[in-house]
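What you see is a predicted model, and the numbers here were worked out from it, not measured in a lab. Order of listing sets the numbers, starting from 1, for every ligand and every atom in it.
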Amino acid sequence: MLRFLAFLATVIAFITCPAALAQTARARATAGTDLDARFAQAQADPELAQQLLATGRKVAAVCANCHGVGGNSSKPSVPNLAGQNAAYLLEQVRQFADGRRRDMWMEGMIRALEADEKIGMVLFYSAQTVAPQPAKDAALAAQGKDYFSKICFRCHGDNGRGNAQIARIAGQQPDYLKKTLTLYRDGKSPRADSLMVPNTRQMSDADIAAVVAYVSGMR
Ligand code: HEC
Ligand code: HEC
């Protein structure tokens, strides 16, 4: 009976509100498997983790076109995934799937993945080694280091490697860093409620250029 009532409410919502249709379709796409529970299971079971990692390696072959083989991107505007924190990656996967983080390419691709493929991909990329890009302008990178040591280190750590919730930024692609920081600063990032928005508001274009020169070369 309760189920029927819920169904009825959904039908009414569809008739009165077309947006509800898209929302429910999105919810359905991610329902079923609890990603966190499956991730915790993999972390507690090395054999399962190895199996999922092998699945992830296959998934990564599809992503290599943009993110590079092993997650070191060859396209400046596409982020490296190699060495990225697993829990952070999983959270981005969830946000692309439910529409909180928007990207023309990523949304559809992530929604097409099964839960085990998502977890496997996350395990695979976090186990790869990122290849930093040594700064071309040492003076600029030194300025960036000063800036980093005043503000960014508080959350991303002295080494820029973040933690479970916070992205690793050390060794990230310079163009992607620049684009992402500028969007946060201008209040145009799809990740609108991010801690990054208040922490970039005061940055000038020159600050961004300096920080990018430093961070992209960090190991
Ligand atoms: C057509 C190019 C393209 C392909 C193919 C692609 N991606 Fe992406 N991906 C991007 C771009 C561009 C971004 C950055 C989006 C943004 O600016 O927010 C991104 C971002 C991501 C992020 C967020 C990274 C971060 O640092 O926050 C993850 C995770 C990701 N992609 C996973 C995947 C996976 C898994 C696949 C394969 C199933 C894949 N991508 C295939 C272009 C691509
Ligand atoms: C108060 C904590 C905090 C501070 C300070 C902070 N960040 Fe972040 N940053 C985060 C969190 C949390 C994320 C994860 C993504 C999100 O929430 O948007 C993030 C994400 C990022 C990303 C996106 C990573 C990706 O792969 O897409 C970049 C780039 C970044 N931070 C750079 C910086 C820089 C440079 C500074 C210093 C100017 C800085 N952050 C200061 C918390 C912080």
Participant: Check N65 against ligand 1 and report side chain, backbone, both or neither, counting heavy atoms closer than 4.0 Å.
Facilitator: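 No part of N65 comes within reach of ligand 1.
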
Participant: Under 4.0 Å from a heavy atom of W105: which atoms of ligand 1 are those, numbered in the order shown and with their elements?
Facilitator: 1 (C)

Participant: In ligand 1, which numbered atoms sit nearer than 4.0 Å to a non-hydrogen atom of Y88?
Facilitator: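 Going through ligand 1 atom by atom, the ones under 4.0 Å from Y88 are 25 (C), 26 (O), 27 (O).
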
Participant: If you compare all heavy atoms of F153 against all heavy atoms of K150, which two are closest, and at what distance to 0.1 Å?
Facilitator: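 Shortest heavy-atom separation between F153 and K150 comes out as CE2-O, 3.7 Å.
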
Participant: Using a plain distance cutoff, I'd like to know if N80 has any nitrogen or oxygen under 3.5 Å from a nitrogen or oxygen of ligand 1.
Facilitator: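 Checking ligand 1 against N80, no N or O pair falls under 3.5 Å apart.
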
Participant: Counting each atom of ligand 1 from 1 as listed, which ones have a heavy atom of M121 under 4.0 Å away?
Facilitator: 35 (C)

Participant: Out of P79, S77, S73, S74, which residue meets the side-chain contact (heavy atoms from CB on, under 4.5 Å) rule with Q173?
Facilitator: S73

Participant: With heavy atoms only and a cut-off of under 4.0 Å, state how L81 meets ligand 1: side chain, backbone, both or neither.
Facilitator: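 The side chain, only.
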
Participant: Would L48 and I119 show up in the same hydrophobic cluster when neighbours are defined by side-chain heavy atoms closer than 4.5 Å?
Facilitator: yes

Participant: Can a non-hydrogen atom of P79 be found less than 4.0 Å from any atom of ligand 1?
Facilitator: yes

Participant: When you measure from atom 8 (Fe) of ligand 2 to the N, O or S atoms of M196, does any of those distances fall below 2.8 Å?
Facilitator: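 Yes - counting backbone and side chain alike, M196 has an N, O or S atom under 2.8 Å.
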
Participant: Evaluating non-hydrogen atoms only, which member of F148, Y147, Y184, Y214 is closest to atom 23 (C) of ligand 2?
Facilitator: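 It is Y184 that holds the nearest heavy atom.
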
Participant: Number the atoms of ligand 1 from 1 as they appear, then name those within less than 4.0 Å of a heavy atom of L89, with their elements.
Facilitator: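 That gives atoms 29 (C) of ligand 1.
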
Participant: L177 heavy atoms, cut-off 4.0 Å: which ligand 2 atoms fall inside?
Facilitator: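 What qualifies from ligand 2 is 29 (C).
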
Participant: Less than 4.0 Å is my threshold; does some heavy atom of V211 fall inside it relative to ligand 2?
Facilitator: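 Yes, V211 has heavy atoms under 4.0 Å from ligand 2.
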
Participant: Against heavy atoms of A167, which atoms of ligand 2 measure under 4.0 Å?
Facilitator: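 Contacts of ligand 2 toward A167, numbered from 1: 24 (C).
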
Participant: Any atoms of ligand 2 less than 4.0 Å from a non-hydrogen atom of C155? List them with their elements.
Facilitator: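 Close to C155: 1 (C), 2 (C), 3 (C), 4 (C), 5 (C), 42 (C), 43 (C).
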
Participant: Checking a contact table here: which protein heavy atom is nearest atom 3 (C) of ligand 1, and how many Å away?
Facilitator: C66 SG, 2.7 Å

Participant: Out of K75, M106, E107, E91, indicate the one that has the non-hydrogen atom closest to atom 7 (N) of ligand 1.
Facilitator: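 Selected option, by shortest heavy-atom distance: M106.
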
Participant: How far is atom 15 (C) of ligand 1 from its nearest protein heavy atom, and which residue and atom name does that atom have?
Facilitator: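 Sorting protein heavy atoms by distance from atom 15 (C) of ligand 1 puts D103 OD1, 3.5 Å first.
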
Participant: Confirm or rule out an N/O/S atom of H156, from backbone or side chain, lying less than 2.8 Å from atom 8 (Fe) of ligand 2.
Facilitator: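 Yes - counting backbone and side chain alike, H156 has an N, O or S atom under 2.8 Å.
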
Participant: A quick test of your reading: do over 12 heavy atoms of other residues, nucleotides or ligands sit less than 6.0 Å from CD of Q41?
Facilitator: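 It does: Q41 CD has more than 12 such atoms within range.
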
Participant: Do any nitrogen or oxygen atoms of S194 come within less than 3.5 Å of a nitrogen or oxygen of ligand 2?
Facilitator: yes

Participant: How far is atom 22 (C) of ligand 1 from the closest protein heavy atom, and which atom is that?
Facilitator: F96 CE1, 3.6 Å

Participant: For E47 and Q51: C-alpha separation, side-chain torsions, deciding distance, then whether side chain to side chain donor-acceptor pair (under 3.5 Å) applies.
Facilitator: CA-CA 6 Å; E47 213 169 296; Q51 270 171 31; 4.9 Å; no

Participant: To the nearest 0.1 Å, how far is atom 34 (C) of ligand 2 from its closest protein heavy atom, and which atom is that?
Facilitator: C152 SG, 3.5 Å

Participant: Mark the output for R102 as yes if a heavy-atom distance to ligand 1 is under 4.0 Å, and as no if none is.
Facilitator: no

Participant: Could you tell me which atoms of ligand 1, counted from 1 in the order shown, lie closer than 4.0 angstrom to a heavy atom of C63?
Facilitator: 34 (C), 35 (C), 36 (C), 37 (C), 38 (C), 39 (C), 41 (C)

Participant: Return the residue, atom name and 0.1 Å-rounded distance of the protein heavy atom closest to atom 12 (C) of ligand 2.
Facilitator: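 Answer for atom 12 (C) of ligand 2: I166 CG1, 3.7 Å.
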
Participant: Give me the nearest non-hydrogen protein atom to atom 16 (C) of ligand 1 as residue plus atom name, then the distance to 0.1 Å.
Facilitator: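 Looking at atom 16 (C) of ligand 1, the protein heavy atom closest to it is R101 NH2, 3.5 Å.
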
Participant: Looking only at protein heavy atoms, which one is nearest to atom 31 (N) of ligand 1, and how far off is it?
Facilitator: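 It is H67 NE2, 2.9 Å.
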
Participant: Checking Q92 against R191: is there a side-chain donor and acceptor pair closer than 3.5 Å?
Facilitator: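 Present: a donor and an acceptor within the cut-off.
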
Participant: By number and element, which atoms of ligand 1 are closer than 4.0 Å to a non-hydrogen atom of M109?
Facilitator: 4 (C), 5 (C), 6 (C), 41 (C)

Participant: Please work out whether any backbone atom (N, CA, C, O) or any side-chain heavy atom from C-beta onward of T200 is under 4.0 Å from ligand 2, and answer side chain, backbone, both or neither.
Facilitator: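 Near ligand 2, T200 shows nothing, with every heavy atom at 4.0 Å or more.
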
Participant: Looking at Y176, which atoms of ligand 1 are within less than 4.0 Å of one of its heavy atoms?
Facilitator: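 Near Y176, meaning under 4.0 Å from one of its heavy atoms, ligand 1 has 14 (C), 17 (O), 25 (C), 26 (O), 27 (O).
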
Participant: With the threshold set at under 4.0 angstrom, would you say I169 reaches ligand 2 through any of its heavy atoms?
Facilitator: yes

Participant: Identify the heavy atoms of T129 and N72 that sit nearest to each other, and give their distance.
Facilitator: O-ND2, 2.9 Å

Participant: Counting both backbone and side chain atoms, is some N or O of Q92 under 3.5 Å from an N or O of ligand 2?
Facilitator: no

Participant: Give the atom numbers and elements of ligand 1 that come within less than 4.0 Å of a heavy atom of K179.
Facilitator: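 Close to K179: 17 (O).
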
Participant: Between S204 and D207, does any side-chain donor sit less than 3.5 Å from a side-chain acceptor?
Facilitator: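 Checked: S204/D207 side chains pair up, N/O donor to acceptor below 3.5 Å.
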
